[in-house]
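Here is the structure we will look at.
Values in this document were obtained by computation on a predicted structure and should not be read as measured data. Throughout, numbering of the chain's residues begins at 1 and tracks the sequence. Note that these values count all heavy atoms, side chains included, but never hydrogens, waters or copies made by symmetry.
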Amino acid sequence: MSDGNGHGTHSLRAEPFPDARVLLARYNLRAKKSFGQNFLISDRAFRAIVDATVRADDDWIVEIGAGLGTLTARLAERVPEGKVIALERDPDMITVLRSELAGVDNVEIEPADALRYDLRMAAKWRGDSIAVCGNLPYHIAAPLLFRVLDARTVIRCAVVMVQKEMADRIVAAPGGKDYGALGVMIRTYADVSTVAKVGAGSFVPPPKIDSTVIKLVPLAGGAPRVPIASPEHYSTVVRAAFGQRRKTLRNALRAVFDDAAVDAALAATAIDGVRRGETLDIAEFGRLAAALPAQVATPAP
């Protein structure tokens, strides 16, 4: 196999790995909506994902949702001294993976749910940090990203394809309509960059929306961008600020926290309570979380 960049093969194949359309026909399969399946067929997108993920020949990569193995095979070629741990929970796809990648000795096929897979264990197995890669099913993309962040001390980078609208929210700057709790929480713990935009026509079957490949690089040592005493409390403050977007920051926070505590925290941080939550940057959220006492939080009605 060759990825077109002159990299050597690490399998018994002499020919390129089959296209998704060929594999679906070969195994008499079709995409399953229940698994959120859309299969990538764009060489440009494959190359962008692999280039952004692989740093060295001995990288270990956990691939979320390996599907038909089209990305798996390309990753395996580029890490001849490393390993690709291919996670997949659809039994039909596992059959394809085991058949098509049978001769590739640096691919480990794991019949597993990515939301339950222990990324720290994979890093422990390697004895070093790992990379994460994959085309995330849209309905579980956010929880998967938070699973990656939870294991950030052992993750070098994560290169994932998500719905364009979600990517826009993750990379948005303060003040815009796309800026929200999701982007703040992810970028509190990682640098995020856009790798490639991928149109609906790059898949079979084509989804109704476009996609974007993004790269997350956890901050050094897994530390947050701002001092945070309690990640849970910080998350509560961020979500409260965005919870009622039409309200002022003061009123949005008062829906979750004691009125007097909100007023005292705004005074202590010199943050204007008339502002809207979406105008605050991460440093301001950090100061606000530090000033709001966690024990005063009351459940939202």
Side-chain angles (χ1 to χ4, degrees), residues 1-4 11-50 53 61-77 84-104 107-117 132-145 147-148 158-167 195-214:
M1 285 190 295
S2 167
D3 62 3
S11 81
L12 301 179
R13 292 178 178 282
E15 75 283 356
F17 196 80
D19 178 280
R21 290 161 291 201
V22 173
L23 290 167
L24 289 169
R26 181 178 294 171
Y27 292 88
N28 195 25
L29 295 171
R30 58 182 55 195
K32 297 187 179 94
K33 277 190 183 168
S34 59
F35 284 96
Q37 290 172 343
N38 301 91
F39 300 107
L40 187 62
I41 53 173
S42 160
D43 279 334
R44 181 190 66 83
F46 278 127
R47 202 155 43 241
I49 294 167
V50 174
T53 306
I61 301 161
V62 173
E63 184 192 0
I64 294 173
L68 296 164
T70 46
L71 175 59
T72 321
R74 288 167 167 86
L75 290 168
E77 272 186 358
V84 179
I85 300 170
L87 308 184
E88 180 53 60
R89 62 191 188 99
D90 178 354
D92 288 333
M93 295 297 134
I94 292 164
T95 299
V96 176
L97 290 167
R98 286 186 168 149
S99 173
E100 295 294 327
L101 295 167
V104 186
V107 172
E108 194 88 28
I109 296 159
E110 285 272 358
D113 180 348
L115 283 170
R116 292 189 173 85
Y117 184 77
V132 174
C133 186
N135 177 11
L136 304 188
Y138 295 142
H139 58 294
I140 54 168
L144 282 170
L145 288 172
R147 285 284 292 181
V148 168
V159 177
V160 293
M161 177 141 35
V162 295
Q163 196 169 340
K164 177 188 177 294
E165 182 187 307
M166 175 181 263
V195 172
K197 305 208 168 171
V198 186
S202 298
F203 298 87
V204 290
K208 293 187 169 64
I209 40 84
D210 290 336
S211 302
T212 303
V213 180
I214 57 172

State the [atom1]-[atom2] distance between [X] and [Y], to the nearest 0.5 angstrom.
{"X": "Glu77", "Y": "Arg74", "atom1": "CD", "atom2": "CZ", "value": "8.0 Å"}
{"X": "Tyr138", "Y": "Lys208", "atom1": "OH", "atom2": "NZ", "value": "12.0 Å"}
{"X": "Thr70", "Y": "Phe46", "atom1": "OG1", "atom2": "CZ", "value": "3.5 Å"}
{"X": "Thr95", "Y": "Glu88", "atom1": "OG1", "atom2": "CD", "value": "10.5 Å"}
{"X": "Leu97", "Y": "Glu110", "atom1": "CG", "atom2": "CD", "value": "12.0 Å"}
{"X": "Ser202", "Y": "Asp43", "atom1": "OG", "atom2": "CG", "value": "10.5 Å"}

Which atom of [X] lies closest to which atom of [Y], heavy atoms considered:
{"X": "Pro207", "Y": "Ala200", "value": "O-CB, 3.3 Å"}
{"X": "Met93", "Y": "Gly67", "value": "CB-O, 3.5 Å"}
{"X": "Ala141", "Y": "Met166", "value": "CB-SD, 3.7 Å"}
{"X": "Gly69", "Y": "Leu101", "value": "CA-CD1, 4.4 Å"}
{"X": "Val204", "Y": "Ala20", "value": "CG2-CB, 4.2 Å"}

Can you tell if the side chain of [X] reaches within under 4.5 Å of the side chain of [Y], non-hydrogen atoms only?
{"X": "Pro206", "Y": "Asn38", "result": "no"}
{"X": "Leu87", "Y": "Glu63", "result": "no"}
{"X": "Pro137", "Y": "Leu144", "result": "yes"}
{"X": "Leu68", "Y": "Glu100", "result": "no"}
{"X": "Val107", "Y": "Ile109", "result": "yes"}
{"X": "Phe17", "Y": "Thr72", "result": "no"}
{"X": "Ile49", "Y": "Val195", "result": "no"}
{"X": "Phe203", "Y": "Asn135", "result": "yes"}

Under the criterion side-chain contact (heavy atoms from CB on, under 4.5 Å), which of [options] is the partner of [X]?
{"X": "Ile64", "options": "Leu136, Leu115, Ile140", "result": "Leu136"}
{"X": "Met161", "options": "Leu71, Val213, Ile214", "result": "Val213"}
{"X": "Val96", "options": "Asp90, Leu24, Leu29", "result": "Leu29"}

Glu165: which residues meet the salt bridge (Lys or Arg N to Asp or Glu O under 4.0 Å) condition with it, sequence neighbours left out?
none
Donor-acceptor pair, Arg147 side chain versus Tyr117 backbone, under 3.5 Å?
yes
Where the side chain of Gln37 meets the backbone of Lys32, is there a donor-acceptor pair that is under 3.5 Å apart?
yes
What's the verdict on side-chain contact (heavy atoms from CB on, under 4.5 Å) for Val198 and Leu40, showing C-alpha distance, side-chain angles and the deciding distance?
CA-CA 9 Å; Val198 186; Leu40 187 62; 4.1 Å; yes
Does Lys197 have more than 12 heavy atoms from other residues, nucleotides or ligands lying within 6.0 Å of its NZ?
no
